[in-house]
Undergrad: 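Let me begin by handing over the structure; questions about it come next.
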Amino acid sequence: MGGGGALANHIFVYGTLKRNHPNHFLIEDLISKNDAVYVGQRTTRLSFPLVTGLYGIPYLINRSGSGQRIRGELYAVSKRGLVRLDELEGIKVEHYERLPVEVVEEESNGVVFLAEAYFAHRRFGERLWDKRGKVGMCEFGENDGVLYVRPKDRPKFSSVIDEMEAFVSSSTTD
């Protein structure tokens, strides 16, 4: 293994970090440094809302029982890899929060595996679900990824957090 230590953290990715999506380059970089390994396709055991917000950014919302069971990919990640993923997901600035989630492999008779996923931060997650009319998807597909605007292509002084707050607080639906 690389200098990142054991791949003890299991991360379920459902959006731009998946293969063939805009931020997968980070996972590929972690794999090349032995800081991550692909485990396989997984689905959440429970249903969760999955919606897109501003700039086509996907958000899993921590409200089990709503939405659908979400399809994604499971990776084993080192501590060092986790630091890089937390950075991308804006953990410190409260954009996302990394929380436990149970996932299952469809072919394995429903053996449940505990992982973590990046959920929309609780400051706006529930309101974003309401704003989207409580309609979610079961998978962030390649067509959804086309709508994603990379950070470098967003307005120069934009703050996704501030803009999201304004968006979920406004009374109109889009």
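Atoms considered below: every heavy atom in the structure, side chains included; atoms not considered: hydrogens, waters and symmetry mates.
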Undergrad: Test side-chain contact (heavy atoms from CB on, under 4.5 Å) on Tyr148 and Thr52; report intermediate values, then the result.
TA: CA-CA 9 Å; Tyr148 176 74; Thr52 54; over 6 Å; no
Undergrad: Working to the nearest 0.5 angstrom, can you tell me the gap between Leu82 CG and Glu116 CD?
TA: 6.5 Å
Undergrad: Is there a path of hydrophobic side-chain contacts, each under 4.5 Å between heavy atoms of I/L/V/M/F/W/Y residues, joining Val51 to Ile161?
TA: no
Undergrad: Enter the distance from Leu99:CG to Asn62:CG here, rounded to the nearest 0.5 Å.
TA: 5.0 Å
Undergrad: Given Met137 and Ile70, is the side-chain contact (heavy atoms from CB on, under 4.5 Å) satisfied, shown in steps?
TA: CA-CA 8 Å; Met137 49 183 117; Ile70 307 302; over 6 Å; no
Undergrad: When Phe119 is tested against each of Phe124, Phe48, Phe12 for ring-ring contact (aromatic ring centres under 6.0 Å, His included), which residue passes?
TA: Phe48
Undergrad: Could you tell me the separation between the CD atom of Glu94 and the CZ atom of Arg122, rounded to the nearest 0.5 Å?
TA: 8.5 Å
Undergrad: Do Phe25 and Ile11 share a hydrophobic cluster, counting only Ile, Leu, Val, Met, Phe, Trp and Tyr and linking them when any side-chain heavy atoms are less than 4.5 Å apart?
TA: yes
Undergrad: Using every non-hydrogen atom in the two residues, find where Leu114 and Pro100 come nearest and quote the distance to one decimal.
TA: CD1-CB, 4.1 Å
Undergrad: Go through the steps to decide whether His21 and Glu142 satisfy the test side-chain contact (heavy atoms from CB on, under 4.5 Å), and finish with yes or no.
TA: CA-CA 7 Å; His21 282 276; Glu142 289 186 38; 4.1 Å; yes
Undergrad: Sort out for me which residue in Val104, Leu50, Leu46, Val103 forms a side chain to side chain contact (heavy atoms under 4.5 Å, CB included) with Arg69.
TA: Val104
Undergrad: Keeping Gln41 on the side-chain end and Arg71 on the backbone end, is there a donor-acceptor pair under 3.5 Å?
TA: no
Undergrad: Please confirm whether the ring centroid of Tyr96 lies under 6.0 Å from the ring centroid of Tyr59.
TA: yes
Undergrad: Out of curiosity, does Leu88 fall in the hydrophobic cluster containing Val149 (side-chain heavy atoms, cut-off under 4.5 Å, transitive links)?
TA: yes
Undergrad: Can you find a heavy atom in the side chain of Leu128 that is under 4.5 Å from one in the side chain of Met164?
TA: yes
Undergrad: Any donor-acceptor pair under 3.5 Å linking the side chain of Thr44 with the backbone of Ser47?
TA: no
Undergrad: Check this for me: does any side-chain nitrogen of one of Arg84 and Asp35 sit under 4.0 Å from a carboxylate oxygen of the other?
TA: no
Undergrad: For a quick test of reading the model, state the closest non-hydrogen atom pair linking Ala117 to Leu60 and the distance between them.
TA: CB-CD2, 4.2 Å
Undergrad: For a 4.5 angstrom cut-off between non-hydrogen side-chain atoms, does Thr16 reach Phe140?
TA: yes
Undergrad: Pro58 and Gly15: which non-hydrogen atoms are nearest, and at how many Å?
TA: CG-CA, 3.8 Å
Undergrad: How long is the span from the CD atom in Glu126 to the NZ atom in Lys131, to the nearest 0.5 Å?
TA: 15.5 Å
Undergrad: Verify whether the ring centers belonging to Tyr75 and His10 lie closer than 6.0 Å.
TA: no
Undergrad: Say whether, by atom type as modelled, one donor and one acceptor occur between the side chain of Asp144 and the main chain of Gly141 under 3.5 angstrom.
TA: yes
Undergrad: What are the two closest non-hydrogen atoms of Gly125 and Ala120, and how far apart are they?
TA: CA-CB, 3.9 Å
Undergrad: For the CG atom of Asn23 and the CD atom of Glu89, what is their distance to the nearest 0.5 Å?
TA: 7.5 Å
Undergrad: Tell me whether Asn9 contacts the main-chain N or O of Val77 through its side chain, where contact means a donor paired with an acceptor under 3.5 Å.
TA: yes
Undergrad: Search all heavy atoms of Tyr55 against all heavy atoms of Pro155 and return the closest pair with its distance.
TA: OH-CD, 3.2 Å
Undergrad: Other residues, nucleotides and ligands only: do more than 12 of their heavy atoms fall within 6.0 Å of CG on Asp153?
TA: yes
Undergrad: So that I can tick it off, tell me whether Glu97 and Arg123 are bridged by a salt bridge, with the cut-off set at under 4.0 angstrom between side-chain N and carboxylate O.
TA: no
Undergrad: For Gly145 and Pro22, which heavy atoms make the closest approach, and how far apart are they?
TA: O-CG, 4.1 Å
Undergrad: Say whether Glu165 and Ser169, considering side chains only, have a donor N or O and an acceptor N or O under 3.5 Å apart.
TA: yes
Undergrad: Looking at Tyr38, I'd like to know if the NZ or CZ of Arg19 sits under 6.0 Å from its six-membered ring centre while staying within 45 degrees of the ring's axis.
TA: yes
Undergrad: Check step by step if side-chain contact (heavy atoms from CB on, under 4.5 Å) holds for Leu85 and Ile27.
TA: CA-CA 8 Å; Leu85 289 171; Ile27 298 271; 4.2 Å; yes
Undergrad: Does a side-chain N-to-carboxylate-O contact under 4.0 Å join Lys18 and Glu73?
TA: no
Undergrad: What distance do Leu74 atom CG and Thr43 atom OG1 have between them, rounded to the nearest 0.5 Å?
TA: 11.0 Å
